[in-house]
Amino acid sequence: MMKSLRLLSLALSLILLSVSSHASERILTLTQVSKNAYYAEGVSALGSPLNKNFISNAGVVIGPTGVVVIDALGSPTLGKQLIDEIRKLTDKPIQFVIATHYHADHIYGLQSFIDIGATVIAQESAKDYLNSDTAKLRLEASRTELAPWINAQTKLVPASKWIIEDTRLNLVGLDVDLIKMGPAHTPDDLAVFFPSEGVLFAGDLVFRGRIPYVGQADSLGWIQSLDKLLKQEAQVIVPGHGPASTSVAEDLKFTRDYLVYVRQAMSQAARDLEPFEEAYAATDWSRYAKVPLFNAANRMNAYNIYISIQNE
């Protein structure tokens with residue numbers, strides 16, 4: 001009898017594992033969003049070995065003389081898979097990778113592009129992060145938490161070209177607007193706009209279909225950055241997380257309004273040094289409670305904003 005129960009328990013565990021695996025997996029494919037622009041969409045989840053840290057988006061734009069990639073995904077393996085998908089579309093050289101910011105899920109794939117000779121472009125404030133203990137400790141932790149996809153061979157890759165102000169470049173025969181946004185979601189945020197395509201790659205300034213990740217963000221600067229992006233004449237927005245959209249203003253405002261709401265909810269308590277838990281419990285979160293990753297991220301977001309307001 002006990003043996004039968006153990007076998008039944010094992011079978012149920014395997015079924016649950018299989019269901020969980022399929023729920024967290026996403027095949028890396030490229031979806032077309034304009035004549036020459038594509039993107040790969042990561043799964044809406046926290047990074048794990050199960051989803052191979054494929055939790056963020058990457059963009060691909062094919063120009064007359066080559067290819068520009070926006071963000072390199074969350075592991076060298078994913079970077080290689082992205083290269084393979086690009087090769088299904090074109091044999092033009094992959095010449096540039098633009099990093100929208102240096103969070104792990106967007107940049108651990110950079111070394112795969114360096115290996116094929118691509119030039120990395122990023123906002124200069126990323127230098128501080130790259131040289132920090134935070135970056136080193138994050139990579140060390142990822143080698144354990146995200147093994148085998150992040151391992152001893154995974155390394156941090158600096159940019160070859162650093163952007164210090166809003167800049168228009170001509171890359172692979174296309175004009176590209178690199179818009180310096182940070183400090184916002186990170187100190188080194190960079191929005192990427194292709195005027196001829198009408199496509200804005202917003203990085204983690206925009207989260208779509210899930211609660212944003214605030215972390216150590218400058219929430220006030222983030223709101224101001226989104227106001228700046230609302231002035232862009234984009235027809236399509238590719239967020240850092242979630243599906244691309246033609247409702248550009250609506251999706252910019254979702255992230256913006258969420259940040260404004262959390263700041264308003266935490267502001268008075270933070271300035272009066274009232275307990276965070278009381279302020280959090282007193283807030284009506286119903287408008288966001290059913291948005292994916294609310295339970296995983298919202299309390300942490302509120303606390304981080306509560307602390308940051310005290311330091312403003």
J.: Between Asn57 (side chain) and Pro239 (backbone), is there a donor-acceptor pair under 3.5 Å?
T.: yes

J.: In the single-linkage hydrophobic clustering (I, L, V, M, F, W, Y; side-chain heavy atoms under 4.5 Å), do Tyr213 and Ile305 co-cluster?
T.: yes

J.: Please determine whether salt bridge (Lys or Arg N to Asp or Glu O under 4.0 Å) holds for the pair Lys180 and Asp166, giving the CA-CA distance in whole Å, both sets of side-chain angles, and the decisive distance to 0.1 Å.
T.: CA-CA 5 Å; Lys180 183 178 179 181; Asp166 291 0; over 6 Å; no

J.: Which heavy-atom pair separates Thr255 from Pro212 by the least distance, and what is that distance?
T.: CG2-CG, 4.1 Å

J.: Hey, mind stepping through Arg271 and Gln310 against side-chain contact (heavy atoms from CB on, under 4.5 Å) and telling me if it holds?
T.: CA-CA 6 Å; Arg271 298 189 193 286; Gln310 293 180 340; over 6 Å; no

J.: Could you go step by step and tell me if Asn53 and Ser75 meet the side-chain hydrogen bond (donor to acceptor under 3.5 Å, both in side chains) rule?
T.: CA-CA 7 Å; Asn53 207 29; Ser75 73; over 6 Å; no

J.: Can you list the steps and then say if Asp133 with Arg138 is a salt bridge (Lys or Arg N to Asp or Glu O under 4.0 Å)?
T.: CA-CA 8 Å; Asp133 289 338; Arg138 176 67 267 173; over 6 Å; no

J.: Supply the atom-to-atom distance Leu252 CG to Ser245 OG, rounded to the nearest 0.5 angstrom.
T.: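 Here the interatomic distance stands at 9.0 Å.
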
J.: Please determine whether side-chain hydrogen bond (donor to acceptor under 3.5 Å, both in side chains) holds for the pair Glu197 and Asn36, giving the CA-CA distance in whole Å, both sets of side-chain angles, and the decisive distance to 0.1 Å.
T.: CA-CA 7 Å; Glu197 300 296 316; Asn36 298 296; 2.8 Å; yes

J.: Of all heavy-atom pairs between Gly109 and Phe113, which one has the smallest distance, and what is that distance?
T.: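 Result for this residue pair: O-CD1, 3.5 Å.
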
J.: Is a side-chain N or O of Asp272 found less than 3.5 angstrom from the main chain of Glu274, in a donor-acceptor match?
T.: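 The answer is no, because no donor-acceptor pair under 3.5 Å joins these two groups.
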
J.: I want to check a possible cation-pi pair here: Arg208 against Phe254, using under 6.0 Å from ring centre and within 45° of the ring axis as the test.
T.: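 Arg208 over Phe254 ring: no.
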
J.: Tell me, with the steps shown, if Ser44 and Arg210 meet side-chain hydrogen bond (donor to acceptor under 3.5 Å, both in side chains).
T.: CA-CA 7 Å; Ser44 182; Arg210 56 158 287 185; 4.9 Å; no

J.: Can you tell me how far the OH atom of Tyr102 sits from the CG atom of Leu110, to the nearest 0.5 Å?
T.: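 Taking OH in Tyr102 and CG in Leu110, the distance rounds to 5.5 Å.
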
J.: Applying the side chain to side chain contact (heavy atoms under 4.5 Å, CB included) criterion to Ile150, which one of Arg143, Glu140, Lys52 satisfies it?
T.: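 When side chain to side chain contact (heavy atoms under 4.5 Å, CB included) is applied between Ile150 and each of Arg143, Glu140, Lys52, only Arg143 qualifies.
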
J.: Are Leu190 and Met181 linked, directly or through intermediate hydrophobic residues, by side-chain heavy-atom contacts shorter than 4.5 Å (ILVMFWY only)?
T.: no

J.: So how far is it from Leu78 CG to Ile83 CD1, rounded to the nearest 0.5 Å?
T.: 11.0 Å

J.: Hey, can you tell me if His185 and His101 have their rings parallel, tilted or perpendicular (30° and 60° cut-offs)?
T.: perpendicular

J.: When you look at Val69 and Phe96, which way does the side-chain contact (heavy atoms from CB on, under 4.5 Å) test go after all the steps?
T.: CA-CA 6 Å; Val69 174; Phe96 299 95; over 6 Å; no

J.: Would you compute the distance between atom NZ of Lys80 and atom CG of Leu28 and round it to the nearest 0.5 angstrom?
T.: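 So the gap between those two atoms works out to 14.0 Å.
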
J.: Leu73 and His106: side-chain contact (heavy atoms from CB on, under 4.5 Å), yes or no, with the steps?
T.: CA-CA 4 Å; Leu73 301 178; His106 295 260; over 6 Å; no

J.: Quick one: OG1 on Thr100 to CD1 on Ile107, what's the gap to the nearest 0.5 Å?
T.: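 One finds 10.5 Å between OG1 of Thr100 and CD1 of Ile107.
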
J.: Do the rings of Tyr258 and Tyr288 sit parallel, tilted or perpendicular, given the 30° and 60° boundaries?
T.: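 Ring orientation of Tyr258 relative to Tyr288: perpendicular.
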
J.: Starting from the C-alpha separation in whole Å, work towards a yes-or-no answer on side-chain contact (heavy atoms from CB on, under 4.5 Å) for Val214 and Leu259.
T.: CA-CA 9 Å; Val214 171; Leu259 295 170; 4.1 Å; yes

J.: Which heavy atom of Ala302 sits nearest to which heavy atom of Val262, and what is that distance?
T.: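 Looking at all heavy atoms of both residues, the closest pair is CA-CG1, 3.7 Å.
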
J.: What orientation do Phe276 and Tyr280 show, parallel under 30°, tilted 30 to 60°, or perpendicular over 60°?
T.: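 Phe276 and Tyr280: tilted rings.
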
J.: Salt bridge between Glu277 and Arg299, side-chain N to carboxylate O under 4.0 Å?
T.: yes

J.: What verdict does the side-chain hydrogen bond (donor to acceptor under 3.5 Å, both in side chains) test give for Thr186 and Asp189, after you've listed the backbone C-alpha separation in whole Å, the side-chain angles of each residue and the deciding distance to 0.1 Å?
T.: CA-CA 6 Å; Thr186 67; Asp189 290 306; 3.1 Å; yes

J.: Looking at Gln123 and Pro187, what are the two nearest heavy atoms and their distance?
T.: NE2-O, 3.2 Å

J.: What are the two closest heavy atoms between Asp204 and Trp222, and how far apart are they?
T.: O-CZ2, 3.2 Å

J.: Counting only N and O atoms by type, is there a donor-acceptor contact under 3.5 Å from the side chain of Asn51 to the main-chain atoms of Ser48?
T.: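 Checked: pair present.
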
J.: Membership question, hydrophobic clusters at under 4.5 Å side-chain separation (ILVMFWY): are Leu205 and Ile179 in the same one?
T.: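 Ile179 and Leu205: one cluster.
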
J.: Could you give the distance from CD1 (Ile55) to NE2 (His103), rounded to the nearest 0.5 Å?
T.: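 Those atoms lie 11.0 Å apart.
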
J.: Salt bridge check: are Lys88 and Glu85 linked by an N-O gap of less than 4.0 Å?
T.: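 So Lys88 pairs with Glu85 through a salt bridge.
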
